[in-house]
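Starting from 1, each residue takes its place in the sequence as its number. Keep in mind that what you see is a predicted model, and the values were worked out from it rather than measured.
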Amino acid sequence: MLYLQQGFTQDVEPRRWASIPLGLNVIGAGYAYTSGDVFFDPVLGAEDVTYSGNGLVASYVRPFRLGNKLARVDVLLPFSFSRWEGLLNGVATSVSRTGFADPRVRLSLNLTGPPPSGPKEFQEYLATHPVFTTFGVSLAVSLPFGQYFDDKLINLGGNRFVIRPQIGMVHYWGPWSYELTGSLVIYSTNNDFFNGGELKQKTLFAFQTHLIRQFDKRFWASLSAGYNQGASSVVNKQFNDDQRANFIGAASIGASFAGSQGLKLAYVYSKAQRDVGSTTNTLLLTWSIVFK
């Protein structure tokens, strides 16, 4: 079977291991439009299902010192306007959901790379280290605060914790950088699933990679790819043959202006590799500002 909780967009994000000088804060806002096809287990009787959704997101990033290492916290709060249309047992049907999806908090620690320092010292480090590599670890947790109805199969929230331990690296050489991140996606049990049931889900294995080019101090662009597999479900102690597998590709361009603000435009394509899943296209526009 397939149980849907709509997030802001696919989790393929370049520059997630980028170092930020101490004393700075980054807030952001974004908009995404997603459309595509959803493939349910045939036993549910849902066919020719399409999805379209508009998503809004607010974010906050804060670096801090942890011992002699540079760390950061990222907070993401998504809101979604989603609609599914298709045939249910041969009858045309549509479902709409509007509300908050599950927020996510991510803590990360850079094991190597620039030491924790202020903006001036950070720029001096970059000037004297045109080639360097950062290795990092992180833990991201999605909190079960999104909109959820226990009498519905399609929800914006998941009514469970989703824990993502991650390990990654970014290698810089001149204007180029290359990132690689591996993740485990671990799901807690939803004890208030559809009509009083219980939902468990196996671990999802995922990786993503990015090639980024900084053209000058104002513009950058990236090409990204990702793949995930796993997350078959167990409903009321009954195993379902609904393992996910998705390929994800993305392209992004970014620009800074007014000294402390930035814009990013991205296109994300997700392709289901199995009979159960979704194939979607997403356009994403985000704005951010850095302040002390």
Short side-chain to backbone donor-acceptor contact, Gln147 and Thr98, under 3.5 Å | yes
Asn155 side chain to Gly157 main-chain N or O, any donor-acceptor pair under 3.5 Å?
-> no
According to a 4.5 Å side-chain heavy-atom criterion applied to Ile, Leu, Val, Met, Phe, Trp and Tyr, with indirect links allowed, do Leu77 and Val73 form part of one hydrophobic cluster?
-> no
Indicate the atoms forming the closest heavy-atom contact of Leu109 with Ala71, along with that distance.
-> CD1-CB, 4.0 Å
Are the charged groups of Asp102 and Arg104 less than 4.0 angstrom apart, N to O?
-> no
Partner residues of Leu283 under the side-chain contact (heavy atoms from CB on, under 4.5 Å) criterion, sequence neighbours left out | Tyr267
Nearest heavy-atom approach of Pro114 to Leu70 is O-CB, 4.2 Å
Using distance alone, with no hydrogens and no angle criterion, decide if Ser252 and Arg15 have a side-chain donor and acceptor under 3.5 Å apart.
-> no
Residue pair Gln273 / Gln229, side-chain heavy-atom distance below 4.5 Å | no
Consider only side-chain N and O atoms of Thr282 and Thr34, and report whether a donor and an acceptor are under 3.5 Å apart.
-> yes
Does Ser138 reach the main-chain N or O of Ser108 with its side chain, forming a donor-acceptor pair under 3.5 Å?
-> no
Could you tell me which residues satisfy salt bridge (Lys or Arg N to Asp or Glu O under 4.0 Å) with Arg62, sequence neighbours excluded, listed by chain and number?
-> none
Can Val75 be reached from Ile163 by stepping across I, L, V, M, F, W or Y side chains whose heavy atoms are under 4.5 Å apart?
-> yes
Quick one: are Asp150 and Asn195 in side-chain contact, heavy atoms under 4.5 Å?
-> no
Would Leu211 end up clustered with Trp220 when hydrophobic side chains under 4.5 Å apart are linked, directly or stepwise?
-> no
Residues Asp192 and Asn159: side-chain donor-acceptor under 3.5 angstrom | no
Check the pair Met169 / Glu179 against side-chain contact (heavy atoms from CB on, under 4.5 Å), numbers first and verdict last.
-> CA-CA 6 Å; Met169 58 80 68; Glu179 293 184 19; 5.9 Å; no
Mind checking the CZ-CG spacing from Phe194 to Asn236? Nearest 0.5 Å is all I need.
-> 11.0 Å
Can you tell me how far OG1 of Thr133 sits from CG of Leu111, rounded to the nearest 0.5 angstrom?
-> 13.0 Å
Report yes if the side chains of Ser142 and Arg164 come closer than 4.5 Å at any heavy-atom pair, otherwise no.
-> yes
Quick note, ring-ring contact (aromatic ring centres under 6.0 Å, His included) partners involving residues 101-135, not counting sequence neighbours, are Tyr125-His129, Tyr125-Phe132, Phe132-Tyr172
Selection residues 255-276 - residue pairs positive for salt bridge (Lys or Arg N to Asp or Glu O under 4.0 Å), sequence neighbours left out | Glu13-Lys264
To the nearest 0.5 Å, how far apart are CZ in Arg65 and CG in Leu22?
-> 5.5 Å
Taken in chain and number order and not counting sequence neighbours, the residues that satisfy side-chain contact (heavy atoms from CB on, under 4.5 Å) with Pro175 are Arg213
Judged by modelled atom types alone, do Tyr51 and Ser82 share a side-chain donor-acceptor pair under 3.5 Å?
-> yes
Just wondering, do Arg72 and Ile20 contact through their side chains at under 4.5 Å, heavy atoms?
-> yes
Are the side chain of Asn25 and the backbone of Val290 linked by a donor-acceptor contact shorter than 3.5 Å?
-> no
To the nearest 0.5 angstrom, please state how far the CD1 atom of Ile248 sits from the CD atom of Gln208.
-> 8.0 Å
Determine the minimum heavy-atom distance between Arg83 and Ser96, stating which atoms define it.
-> NH1-OG, 3.0 Å
Identify the two heavy atoms, one from Ile212 and one from Pro14, that lie closest to each other, and give their separation to 0.1 Å.
-> CD1-CB, 4.1 Å
If you look at every heavy atom in Arg244 and Ala231, which pair is closest and at what distance?
-> NH1-O, 3.3 Å
Residue pair Trp17 / Thr181, side-chain donor-acceptor N/O under 3.5 Å = yes
Measure from the side-chain N and O atoms of Thr50 to the backbone N and O of Asp48, and report whether any donor-acceptor pair falls under 3.5 Å.
-> no
Minimum side-chain heavy-atom gap Val49-Phe39 below 4.5 Å | no
Ile186 and Leu199: same hydrophobic cluster, using ILVMFWY side-chain contacts below 4.5 Å?
-> no
Test item: Asn110 side-chain N/O and Thr112 main-chain N/O as donor-acceptor pair under 3.5 Å = no
Could you walk me through whether Phe100 and Phe79 pass the ring pair (Phe, Tyr, Trp, His ring centres under 6.0 Å) check?
-> CA-CA 4 Å; Phe100 285 99; Phe79 190 91; 4.9 Å; yes
Report yes or no: do Ser222 and His210 form a side-chain donor-acceptor pair below 3.5 Å?
-> no
Please list, chain by chain and in numerical order, all residues satisfying side-chain contact (heavy atoms from CB on, under 4.5 Å) with Tyr33, sequence neighbours excluded.
-> Tyr31, Ser35, Ser52, Asn54
Taking atom types as modelled, find out whether Trp287 and Gln261 have a side-chain donor-acceptor pair closer than 3.5 angstrom.
-> yes
Do Tyr60 and Asp74 get their side chains close enough for a donor-acceptor pair, meaning under 3.5 Å?
-> no
Residues Ser177 and Val170: closest non-hydrogen pair is CB-CG2, 4.0 Å
Check the side chains of Thr279 and Asp37 for a donor-acceptor pair under 3.5 angstrom, ignoring hydrogens and angles.
-> no
side-chain hydrogen bond (donor to acceptor under 3.5 Å, both in side chains) between Thr209 and Tyr178: does it pass, once the steps are laid out?
-> CA-CA 8 Å; Thr209 184; Tyr178 171 75; 2.9 Å; yes
Consider only side-chain heavy atoms of I, L, V, M, F, W and Y, link residues closer than 4.5 Å, and tell whether Phe145 and Leu107 are in one cluster.
-> yes
Would Leu284 and Val268 satisfy side-chain contact (heavy atoms from CB on, under 4.5 Å), going step by step from the backbone distance to the final call?
-> CA-CA 8 Å; Leu284 169 68; Val268 183; 5.5 Å; no
Val234 side chain reached by Asn240 side chain, heavy atoms, under 4.5 Å | no
Audit row: Thr203, Val185, side-chain contact (heavy atoms from CB on, under 4.5 Å) steps and yes/no | CA-CA 6 Å; Thr203 299; Val185 184; 5.6 Å; no
Drop me the distance from Tyr148's OH to Phe193's CZ, to the nearest 0.5 angstrom.
-> 6.0 Å
Go through the side-chain N and O atoms of Glu85 and Ser94 and say whether any donor and acceptor fall under 3.5 Å apart.
-> no
Is the gap between the ring centers of Phe205 and Phe207 under 6.0 Å?
-> no
Can a donor-acceptor pair be found between the side chains of Ser270 and Asn246 at a distance below 3.5 Å?
-> yes
Enter the distance from Asn191:CG to Lys200:NZ here, rounded to the nearest 0.5 Å.
-> 8.5 Å
Would you check if there is a donor-acceptor pair between the side chains of Arg106 and Gln166 at a distance under 3.5 Å?
-> yes
Verify, without hydrogens or angle tests, whether Arg97 (side chain) and Ile154 (backbone) share a donor-acceptor contact under 3.5 angstrom.
-> yes
